[in-house]
Asks: 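Structure provided below as structure tokens; questions to follow.
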Amino acid sequence: MTRILTGARLFTGERMLEDHGVVLEGERIRAVVPLDAVPAGARVERLPEGTLLVPGFLDAQVNGAGGVLFNDTPTPEAALAIAAAARRSGTTGLLPTFITDAPGRMREACEAALEAMRRPASGVLGIHLEGPFISGERPGVHESRFIRVPDAGEVDYLGALPERLAVRGGRLVVTLAPECVDDAVIGRLAAAGVVLSAGHTAATYERTREALAAGVRGFTHLFNAMPPAQSRQPGPVVAALEADEAWCGVIADGIHVHPAMLRLLVKSKPPGRVFLVTDAMPPVGTEASSFTLYGRTILRREGRLVTGNGTLAGADIDMVTAVRNCVRLLGLPLEECLRMASLHPASYLGLDGQLGRLAPGYRADLTLLREDLTVLATWVAGQEQWS
């Protein structure tokens, strides 16, 4: 059935529109039209006055939400539960993220994500493996005993995974430390379609530049789990700022990175190369005061998730809050903040031909916002859900 959503102001991913509607045909957007050009026979669905309909948010780094941690239960059900919890805050597509762990568990997580993607309107877009090929000098909360260099079997498995995911439009992101992985491996994985991201790294500026040339595409939660820039040791942060082609994911909670650094980043990078991630953990979307990771208790304290010694362990933020923070803390136009949560991550993942815009042929993944930028409703592949 053809439907048209009217009554809300629209943000298409490029511009704001008044007095237009979005025509849906099944799981796709058929058209964006003026209200005097509604297709004959279309069912008109009027949205509440004062709302804003935008492309659905995409999150490339979600460890958990709604009380579920993907590392604890690397199953299709866990991936779907995380996606369902994140949807309440406007995220219509995400990569469940599996951090450094044993080889067998890593493969379980990958197979679980593949299975979850087979469910209609799952909201699962693939998987992000944050580790295990990271630096023991910058592990963050990752368990050091699982950190390793990739062996031939792991390279073969990961190299074959993008083709399997692509059947359903999915992507594989792997966060690695450039100093811990040879350029030959980086080149092979990149050529196979793996989206490679530098993170949890102590790499020099020079080594980071070499890895970018070899196939690394971006940076995972830039500034965090990497050395700060110094006058004689610029390191990966300056390499990220300087490389026009590199994407940078950031956590905009005002805790992981000072707003001044984020403002500098946005000014330094070409338009479209900075995108939001949540790095969310199980407490997001719940009232929980703690959770366990690798058997350790992680405490929820005043917007932080920390170990007993104060190490940050993921983030306590959802995507719509990150968007509001970009408006409030960074002073960016609302349109750019929305792109940082939708079109820019879609571009990073190579999905910007089907997600991140309200345009003909794009998947009907939409988020409806109130005037205060809270979420009222979402659509995933045309299936709506109201808050």
Asks: Could you tabulate the donor-acceptor pairs under 3.5 Å formed by side-chain atoms of residues 35-49, not counting sequence neighbours?
Replies:
unit_1	atom_1	unit_2	atom_2	d
Arg43	NE	Glu45	OE2	3.0
Arg43	NH2	Glu45	OE2	2.4

Asks: Looking only at heavy atoms, which two atoms of Met106 and Phe98 are closest? And how far apart?
Replies: CA-CE2, 3.5 Å
Asks: Run the side chain to side chain contact (heavy atoms under 4.5 Å, CB included) test on Thr201 and Glu179 for me, step by step, so that the C-alpha distance in whole Å, both residues' side-chain angles and the decisive distance to 0.1 Å come before the verdict.
Replies: CA-CA 7 Å; Thr201 175; Glu179 71 275 28; 2.7 Å; yes
Asks: Taking the side chain as everything from C-beta on, heavy atoms only, tell me whether Leu222 gets closer than 4.5 Å to Leu265.
Replies: yes
Asks: Does Lys269 use its side chain to pair, donor to acceptor, with the backbone of Ala246 at less than 3.5 Å?
Replies: yes
Asks: Apply side chain to side chain donor-acceptor pair (under 3.5 Å) to Arg324 and Thr321, showing your working.
Replies: CA-CA 5 Å; Arg324 291 196 300 269; Thr321 302; 3.2 Å; yes
Asks: Leu312 vs Leu305, test: side chain to side chain contact (heavy atoms under 4.5 Å, CB included). Steps then yes/no.
Replies: CA-CA 6 Å; Leu312 287 171; Leu305 301 175; over 6 Å; no
Asks: Shortest non-hydrogen contact from Ala243 to Leu212?
Replies: CB-CD1, 3.8 Å
Asks: Does the side chain to side chain contact (heavy atoms under 4.5 Å, CB included) test come out yes or no for Met281 and Asp316, once each step is laid out?
Replies: CA-CA 7 Å; Met281 284 290 189; Asp316 187 10; over 6 Å; no
Asks: Supply the atom-to-atom distance Leu176 CG to Leu189 CG, rounded to the nearest 0.5 angstrom.
Replies: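 If I round to the nearest 0.5 Å, the distance is 8.0 Å.
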Asks: Side-chain donor-acceptor pair under 3.5 Å between Thr12 and Arg15, yes or no?
Replies: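 Note: Thr12 and Arg15 side chains miss the donor-acceptor criterion.
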Asks: Are Met319 and Leu94 packed together at the side-chain level, in the sense that at least one heavy-atom pair is separated by less than 4.5 angstrom?
Replies: no
Asks: For Glu302, does the CD atom sit with more than 12 other heavy atoms under 6.0 Å from it, leaving out its own atoms?
Replies: no
Asks: Is there a side-chain contact between Met340 and Leu332, using heavy atoms and a 4.5 Å cut-off?
Replies: yes
Asks: Is Arg209 salt-bridged to Glu206, going by a charged N under 4.0 Å from an acidic O?
Replies: no
Asks: When you compare the side chain of Ser197 with that of Arg217, does any pair of heavy atoms fall below 4.5 Å?
Replies: no
Asks: With rounding to the nearest 0.5 Å, note down the distance linking CD1 in Ile127 to CE in Met117.
Replies: 11.0 Å
Asks: Do Asp59 and Val277 pass the side chain to side chain contact (heavy atoms under 4.5 Å, CB included) test, and can you show the C-alpha distance, the side-chain angles, and the key distance before you say yes or no?
Replies: CA-CA 5 Å; Asp59 196 342; Val277 297; 3.8 Å; yes
Asks: Can any side-chain N or O of Arg3 pair as donor or acceptor with the backbone N or O of Val23 at less than 3.5 Å?
Replies: no
Asks: Write out all pairs satisfying ring pair (Phe, Tyr, Trp, His ring centres under 6.0 Å) with one or both partners inside residues 177-225, taking only residues at least two apart or from two chains.
Replies: His142-His200, His200-His221
Asks: Between Asn63 and Asp279, do the side chains contain a donor N or O and an acceptor N or O under 3.5 Å apart?
Replies: yes
Asks: Looking at Leu10, Thr367, Leu338, Leu376, which one forms a side-chain contact (heavy atoms from CB on, under 4.5 Å) with Leu52?
Replies: Leu338
Asks: Has the side chain of Thr73 got a donor or acceptor atom that lies under 3.5 Å from a matching backbone atom of Asn71?
Replies: no
Asks: Does atom CZ of Arg263 have more than 12 heavy-atom neighbours from other groups under 6.0 Å away?
Replies: yes
Asks: Okay, side chain of Ser135, backbone of Glu137: is any donor-acceptor separation there less than 3.5 Å?
Replies: yes
Asks: Any salt bridge between Arg370 and Asp372, counting N to O under 4.0 Å?
Replies: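 Salt bridge absent between Arg370 and Asp372.
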Asks: Does any N or O in the side chain of Arg357 come within less than 3.5 Å of the main-chain N or O of Leu343, such that one atom is a donor and the other an acceptor?
Replies: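 No, the answer is negative, given that no donor and acceptor are paired below the 3.5 Å cut-off.
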Asks: Is there a path of hydrophobic side-chain contacts, each under 4.5 Å between heavy atoms, that joins Phe57 and Leu329?
Replies: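 The answer is yes; both residues are in one hydrophobic cluster.
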Asks: Among Leu80, Val62, Val124, Val68, which residue satisfies the side-chain contact (heavy atoms from CB on, under 4.5 Å) criterion with Pro96?
Replies: Val124
Asks: Assess whether a salt bridge exists between Asp156 and Arg188, defined as any Lys/Arg side-chain N lying under 4.0 Å from an Asp/Glu carboxylate O.
Replies: yes
Asks: Any side-chain heavy atom of Arg296 within less than 4.5 Å of one from Glu143?
Replies: yes
Asks: Determine, for Glu154 against Arg148, whether the closest basic-nitrogen to carboxylate-oxygen distance falls under 4.0 angstrom.
Replies: yes
Asks: Just verifying a value: how many Å separate Phe275 CZ and Ser342 OG, rounded to the nearest 0.5 Å?
Replies: 12.5 Å
Asks: Is a side-chain donor or acceptor of Arg273 paired with a backbone partner of Glu245 at a separation under 3.5 angstrom?
Replies: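 Pair found, side chain donor or acceptor close to backbone of Glu245.
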Asks: Any side-chain heavy atom of Leu125 sitting closer than 4.5 Å to one from Leu58?
Replies: yes
Asks: Would you call Arg28-Glu25 a salt bridge at under 4.0 Å N-O?
Replies: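 No.
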Asks: Decide yes or no for Arg164 and Glu111: does some side-chain heavy atom of the first lie under 4.5 Å from some side-chain heavy atom of the second?
Replies: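 Yes; the side chains approach each other to less than 4.5 Å.
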Asks: With the threshold set at 4.0 Å, does a side-chain nitrogen-carboxylate oxygen contact exist between Arg107 and Asp101?
Replies: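 A salt bridge is absent here (no side-chain N lies under 4.0 Å from a carboxylate O).
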Asks: Does Val375 offer a backbone N or O that forms a donor-acceptor pair with the side chain of Ser387 under 3.5 Å?
Replies: yes
Asks: How about Leu368 and Thr378: do any of their side-chain heavy atoms sit closer than 4.5 Å?
Replies: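 In short, these two side chains do not touch, never coming nearer than 4.5 Å.
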Asks: Hey, could you give me the CZ/CZ distance between Arg304 and Arg301, rounded to the nearest 0.5 Å?
Replies: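 Those atoms lie 11.0 Å apart.
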Asks: Closer than 3.5 angstrom, by distance alone: can the side chain of Asp183 be matched with the main-chain N or O of Ile186 as a donor-acceptor pair?
Replies: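 No.
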Asks: I'd like to know if the side chain of Tyr362 reaches the main chain of Asp352, judged simply by a donor and an acceptor atom lying under 3.5 Å from each other, with no hydrogens or angles considered.
Replies: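 At least one qualifying donor-acceptor pair exists.
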Asks: Hey, what do you get for CG (Leu369) to OG1 (Thr51), rounding to the nearest 0.5 Å?
Replies: 8.5 Å
Asks: Would you check if the side chain of Thr292 reaches a backbone N or O of Gly295 as a donor-acceptor pair within less than 3.5 Å?
Replies: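 Between the backbone of Gly295 and the side chain of Thr292 there is no qualifying donor-acceptor contact (under 3.5 Å).
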